[in-house]
Amino acid sequence: MTAEEIYQRLQERFGDQILGFNAKAVDPSVRVAAAAIHEVAEYLRHDPQLQFDLLMCLSGVDYGPGKHLEVVYHLFSMSRRHKIVLKVEVPRQGGEVPTVCDIWRTAEWHEREVYDLFGIRFAHHPDLRRILLPDDWEGHPLLKDYQVQEFYHGVRVPYVGDPPQTGLEVYRTQEQEP
Amino acid sequence: MVTQLVAGEYHLSYERQGDDLILQMGPQHPSTHGVLRLELVTDGELIKRITPHIGYLHRCFEKHAEAMTYPQVIPYVDRMDYVAAMSMELGYVLTVEKLMGLTDLPERLQYIRVIMAEFQRIASHLLAVGTYGLDTGAVTPFLWCFRDREKILDLFEWASGARLLYNYLWIGGVMQDLPPGFAEKAMEFLDYFEPRVKELNDLLSFNQIFIERTANIGVLPPDVAISYGVGGPNLRGSGVRWDLRKEEPYCIYDRFDFDVPVGTGEFGTLGAAWDRYMVRVREMLESIKILRQALDQLPGGDPNEAMPRRVRPPEGDAFMRTESPRGEIGFYIVSDGSEKPLRCKGRSPCFTAISAIDAIGRGGLIADAVAIVGSLDIVLGEIDR
């Protein structure tokens, strides 16, 4: 089934919960309202003609200060051989998305990672803890406006220069024109 | 009573019952293949629950990538899976090319990529089966595997100048063309190596002690594997014939004739540790087949003809997955039209494999925990990124 057909099925079924379709993108994507993602995912997983049994990737994206965050789901059906991308917009502050980890078990860790690095909370997640960073780390590093905490357990965190703001300035190269 | 999470204090996410003993395996443990801590809740000799704790090797790859130009990210990608760096590079490079719409690449380049990726697969599987022997108590196969792996690393060093972290496959090109005489030397290695696989089988794979140690432990049913997103040899060990090189051919894999080995359960339960191990051994033979064809057909020409001088993908995003030795490595790259990625996510195959460890190991014996973790062939650099 092509992405266009999947989008039409979703729209028939969920109506105004489906916010848009980007057919021109490299991987065509469907925008879904955050509140409806669990129902949409369940439908995609269990509908006999869709059968999306594999969640290939679940990632968070930050489009910069003043803009929204996004959770992106890359789905694939191993039996039907088709794929679709779902995108969910989340506000910068206090955003919450229903979990899909009861549908695809792999989502449990991926959602923990998104929570850890972006601070997006997943409702009804069984074990929403930090996964890559220590439990007592402050802030969510993949946000574009992230500030590194100055001290961690009494140790100064930025280790080069005096004092860099994000810890990454030291790596930034000069912009070179051709 | 579940202990509340207090900053800086150790906590258990588990309610202790009766005589439960909590055993910490790792972070410094010879069989965890890196720095991984497994929290085993045990009842006598049985494992009641496994909680993996990861993040000890977190090096902020995704944050760094946002401050780098696209070609500058490649050395960082190398360091994700440091024993299969070529496969990581290939995955990243193909994703950027997909985003840029760069499809018309020289023939020679395509062949070089396949040759490098398949040599890397053999080298990585040699490390995997060798250390798995070590995990279960067999030292000799480990030394033999490393002896042969060294010869592949020599070939890589000859081509790229580095033994482990290559920065060799570039966007739309390679760092430098293969040195003259590479194909002959590579063929020589294949002739030398093919009988060694049989030797390995005699020594380890069909060794009765090894079979009894591994053939019935750590069973991973196919539906659980798919739900957890486990891919590659771990999935094929459960009997699912799924290989991205066949199902979604990238590069020029559709031109080669090779089989996809799957677990057979010939000595025990289908999807057990031995099956996963054996899939890796058999895959090495298939890689030899691909390499022979690719080296035979290797065309001349300049592999860097189509290399873009400036990598600046149009606004948009792309996801692409390739078959790395450890499973399906995916990269998700979002571009805002500048020279640096807005977001670069690595979807690691080991990350999903280790997340399934509880489903695989629960109910087993403590003594088997090492053998189960080893059979998944995880590399912590890739899990923690």
Side-chain angles (χ1 to χ4, degrees), chain A residues 22 24-27 29 45 53-64 70 72 74 76 78-79 81 83 85 87 103-110 112-114 116-117 127 129-138 141-144 146 153 166-173 175-176 178, chain B residues 5-9 11 13 51-58 60 62-64 66-69 72 98-99 101 223-224 226-231 240 242 247-248 309-310 313-314 316-321 328 330-332 334 336 339 342-343 345-347 351-352 354-356 359 383-385:
Chain A
N22 186 353
K24 293 203 183 75
V26 183
D27 301 313
S29 61
R45 172 71 184 84
D53 44 14
L54 180 65
L55 177 68
M56 294 190 286
C57 188
L58 192 161
S59 23
V61 183
D62 180 9
Y63 284 96
E70 206 170 67
V72 186
H74 288 87
F76 183 73
M78 285 173 79
S79 43
R81 310 286 166 99
K83 54 175 88 173
V85 183
K87 289 188 176 181
I103 303 167
W104 299 285
R105 297 299 304 273
T106 182
E108 187 178 333
W109 274 34
H110 278 100
R112 274 176 72 185
E113 190 188 310
V114 172
D116 190 0
L117 303 177
D127 188 22
R129 289 181 289 128
R130 285 189 183 269
I131 186 164
L132 294 175
L133 303 179
D135 284 338
D136 52 354
W137 195 259
E138 289 164 21
L142 277 187
L143 294 173
K144 297 279 181 192
Y146 167 68
H153 287 243
T166 62
L168 284 179
E169 274 76 6
V170 282
Y171 295 107
R172 207 154 277 162
T173 50
E175 289 283 340
Q176 286 171 353
Chain B
L5 175 59
V6 182
E9 272 180 31
H11 81 287
S13 44
T51 315
H53 294 267
I54 62 170
Y56 293 94
L57 270 179
H58 183 53
C60 321
E62 289 169 13
K63 188 76 177 171
H64 279 310
E66 290 172 11
M68 304 283 158
T69 62
Q72 280 175 336
K98 181 177 175 187
L99 193 55
D223 54 326
V224 176
I226 293 171
S227 178
Y228 271 104
V230 177
V240 183
W242 183 267
E247 306 297 334
E248 286 183 356
R309 294 193 49 171
R310 223 170 171 198
D317 57 345
F319 178 79
M320 166 112 187
R321 46 186 190 150
E328 296 172 4
F331 281 97
Y332 177 56
V334 183
D336 56 356
E339 287 187 329
L342 181 84
R343 171 90 168 98
K345 154 134 184 153
R347 181 270 194 208
F351 184 80
T352 52
I354 196 66
S355 72
I383 294 178
D384 296 341
R385 279 158 285 146

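Lettering of chains follows the sequences in order, A, B, ..., and the numbering in each one begins at 1.
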Heavy-atom proximity to chain B below 4.5 Å, by part of [X]:
| X | answer |
| --- | --- |
| Lys83(A) | side chain |
| Leu58(A) | backbone |
| Asp62(A) | backbone |
| Val85(A) | neither |
| Leu133(A) | side chain |
| Arg45(A) | neither |

Check your understanding: Between Tyr332(B) and Phe319(B), how do the two ring planes meet: parallel, tilted or perpendicular, split at 30° and 60°?
Key ->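 Answer is tilted, since the angle falls between 30° and 60°.
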Atom [atom1] in [X], atom [atom2] in [Y]: separation rounded to 0.5 Å?
| X | Y | atom1 | atom2 | value |
| --- | --- | --- | --- | --- |
| Glu66(B) | Arg343(B) | CD | CZ | 6.5 Å |
| His110(A) | Ile131(A) | NE2 | CD1 | 9.0 Å |
| His58(B) | Trp137(A) | NE2 | CH2 | 9.0 Å |

With a 4.5 angstrom heavy-atom cut-off, which part of [X] approaches chain A: side chain, backbone, both or neither?
| X | result |
| --- | --- |
| Asp317(B) | both |
| Leu57(B) | neither |
| Tyr56(B) | neither |

Check your understanding: Is there a donor-acceptor pair closer than 3.5 Å between any side-chain N or O of Asp336(B) and the backbone N or O of Leu342(B)?
Key ->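 Here the side-chain-to-backbone pair does not exist.
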Review point. Is the backbone N or O of Ser29(A) less than 3.5 Å from a side-chain atom of Lys87(A), with the two atoms forming a donor-acceptor pair by type?
Key: no
Exercise for review: Please determine, among Pro52(B), Gly55(B), Ser227(B), Pro314(B), the option with the most heavy-atom pairs under 4.5 Å with chain A.
Suggested key: Ser227(B)
Check your understanding: Of all of Val26(A), Leu55(A), Leu132(A), which one pairs up most often with chain B through heavy atoms under 4.5 Å apart?
Key ->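 Going by pairs under 4.5 Å, I would pick Leu132(A).
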Practice item. For the pair Lys345(B) and Glu113(A), find out whether any cationic side-chain nitrogen is under 4.0 Å from an anionic carboxylate oxygen. Key: yes
Practice item. Considering only NZ, NE, NH1 and NH2 on the basic side and carboxylate oxygens on the acidic side, decide whether Lys98(B) and Asp27(A) come within less than 4.0 Å. Key: yes
